[in-house]
Amino acid sequence: MTQTGANDTLFITTAIDYANGVPHIGHVFEKILADAIARYQRLSGRPTHLLLGTDEHGEKILKAAAAQGITAQELVDDLSKRAFQGLWERLGISLDQFVRTTDAQHQGFVQDILQRVYDAGDIYFAEYEGLYSVGSERYVTEKELVEGPDGVRRVPGDKEPPELRREANYFFKMEKYQPWLREYLEAHPDLIQPTGFRNEVLEMLREPLGDLSISRPKERIPWGVPIPWDPEHVTYVWFDALLAYLSGPVGKGQPESVTGQTWHVIGKDILKPHAIFWPTMLKSAGLPVYDRLIVHSHILAEDGRKMGKSLGNAIDPEQLVQDFPLDAIRYALLREASMGSDTPFGETILVSRLNGELANDLGNLLARSLSMIEKYRGGVIPAPGELGEREQKIVADAQSLPERVMGLVNDFKLNMALDAAMGFVRDLNRYIAESEPWKLAKDEAQAERLDTVLYTVAEGLRVASVALEGAIPGKAQELRRQLGLGEQTYVLEAAWGLTPAGTRIQAGEVLFPKLELPEKKAEQGADQPQSTAPKATKPQGAKTMTDPAPTQDTPTAPAENAQEFITIDDFLKVDLRLAEVLACEPLENADKLLKFTLKVGDEERVILSGIRKWFPEPADLVGKRVVIVANLAPRKMRGIMSQGMILSAESESGELDLLTVGKALPGGSQVR
RNA sequence: GGCGACGUAGCUCAGCUGGUUAGAGCGCACGACUCAUAAUCGUGAGGUCGAGAGUUCAAGUCUCUCUGUCGCCA
């Protein structure tokens, strides 16, 4: 914890997450990224304070709570503590502080700043009428609306169309600070990173910004921080949430303008509030602007498409944490992501990084090194003899590695930083192959040479563990433990020889057990849900694994987040059609089957379906429009050819209904 | 529609201010080795560097046009 008020403390924040639902993989990535950056700063000796939080006010939360029949406070208490803070704990996020916007201390701070900005004359009252999007919590323009499949115009991504609203609100004179902000950005080219996003902001600043609505009438939205001079209004989401970056440290005794640096890690979707609203707010309040805005992109599904619940390809963070070792998740995400572009991610990618780099390169290097030290030197790391050219090259690389890693980390190129560290690991493997210690061991005359090789490898591993520690903190320490270094910690700086000769190794369990993705089944027809939780390649040794071992299937587990992905092409193979039921009758001498006569486009088809017990009055189904698989191979049942299959949904409790559509679309319409 | 980025080996991508046979990782094939988590190490397969034109002694690397993909904005 860094609450000493030290002037050089680096404050790193992530976005203050909106607590109207459970976190998704994007939240996870952002926290791991910020955590890794923070850990690397601490590793290199810089006092660092990592702040996370939840944004708990606003209309959407009010509605979400109402929908669940609980109070807003109950909803956010549960989400903030269980869903967010709980997950961050399971992910090993080294946070120093967690701010909730419903904290009394925070709310008081917001009011102080509001009052100050008001006193400065930067807030005015005005009436406004326009289209209001509840989903986006803001007024939108007619141009932004897009016509949906149902013919209703709405904001893309919103469920409900915007409402016409007329309100009197307080406005912040943001546009007043536009020239200043542009100059500030020009003068601070490193402020927003990567530069692509800086350019986007400069682009936004070419057009007049307009002023920012910062309040809502309390009668309509009582769930917010009251405006200090007008209790009939509460403040708008951004004026509330953004201030959490300051209210947190202030609440811990920091001066409100911290003298150390402040870095904000955010997603590209909230670039504008952070790059434009926030600096102008700070300027108006007489506070200094942050030092870095680190903008990351999004996590995509493995096929490169967007991830989403509706698409069925979303990764459930809780499931991910259960199925895979924490440090493997962290490493894979950091290793894959590059700041400028969206990053595909999923189990296949994760397992590939885990097996290929963490297990084969790093874990195996540790295993083979410990094994040789055990066999050839009785488990004691020997003192090195004279270093040859090859060893000197390794020492030089080891000494320059920390600077290379930190340089890349400070450019927010974590993927390349990890690659650099892994490159050093790979070179140690190469070094072993070249040195052939197993041959040296057979020749007494080569004893000193063997000592040198074994020491170089052991110390090299120690160096690598420090270079990787920001990404895999748990395993880095475990690695050192097995080298016999106990709980000793090291600074990430040029160093060699910190492993004392004579250290007794403490070999333990395999550092990174390999996982194997279940092979794709060539089965067909069997549509029972199939867990694809990865399996350990083999039960390693006789010991139990430290990692949350990829358990074998839990057949009854309802969560099926780990389902295999199919491509859009796979899906399109299935020809789904709407079909109108012309006739429906029970089939003689079959107690389960119903015989449907359906109109599909111009043709009529007969399909048999074993759902008789749910429809005692089959004739009632006539006229319904059901969904069928039109290109299923025909099959003869009870002497009748069934040409397809009718889709239905069945609950766990055994209730069943046919899939249908709300509108009277014609039979034969394509479903996709 | 406006602005911008990108399009390099099967896949993911490096290639700074233009200059010898265009690189890495993964995957694949073959070989070596045996300390190791069937790991590691080595070698290879030969990609019109999206298309066309231009500048230049010389272009993946600069200019223009076209095309495709993506992002931001409207």
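In what follows, every chain begins at residue 1, and chains take the letters A, B, ... in the order their sequences are listed. Because the structure is a prediction, the values reported are computed rather than measured.
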Atom-to-atom span, CD of A:Glu207 to P of B:A74 - whole angstrom: 8 Å

ring-ring contact (aromatic ring centres under 6.0 Å, His included) between A:Phe197 and A:His274, worked out: CA-CA 11 Å; A:Phe197 294 112; A:His274 284 78; over 10 Å; no

A:Phe512 six-ring face occupied by A:Lys475 cation (under 6.0 Å, within 45°): yes

Rounded distance (Å) that lies between atom C1' of B:C35 and atom CD of A:Gln482: 16 Å

From B:C33, B:A39, B:C41, nucleotide with atom closest to A:Asn360 side chain: B:A39

G-U wobble or Watson-Crick pairing nucleotide for B:U34 (cut-off 3.5 Å, both distances): none

Sugar-phosphate only, base, or nothing, as touched by A:Asp342 at under 4.0 Å among non-hydrogen atoms: nothing

Of the listed nucleotides B:C3, B:U40, B:U37, the one nearest the side chain of A:Glu203: B:C3

Touch class at under 4.0 angstrom, heavy-atom based, for A:Arg353 against every strand present: nothing

Length of the CZ-P vector between A:Arg430 and B:C33, whole Å: 19 Å

Residue A:Arg368, side-chain atoms from C-beta onward, closest of B:C35, B:U37, B:A39: B:C35

Proximity to the side chain of A:Arg426 - top-ranked nucleotide from B:C35, B:C41, B:G71: B:C41

A:Lys31/A:Asp17 salt bridge by N-O under 4.0 Å criterion: yes

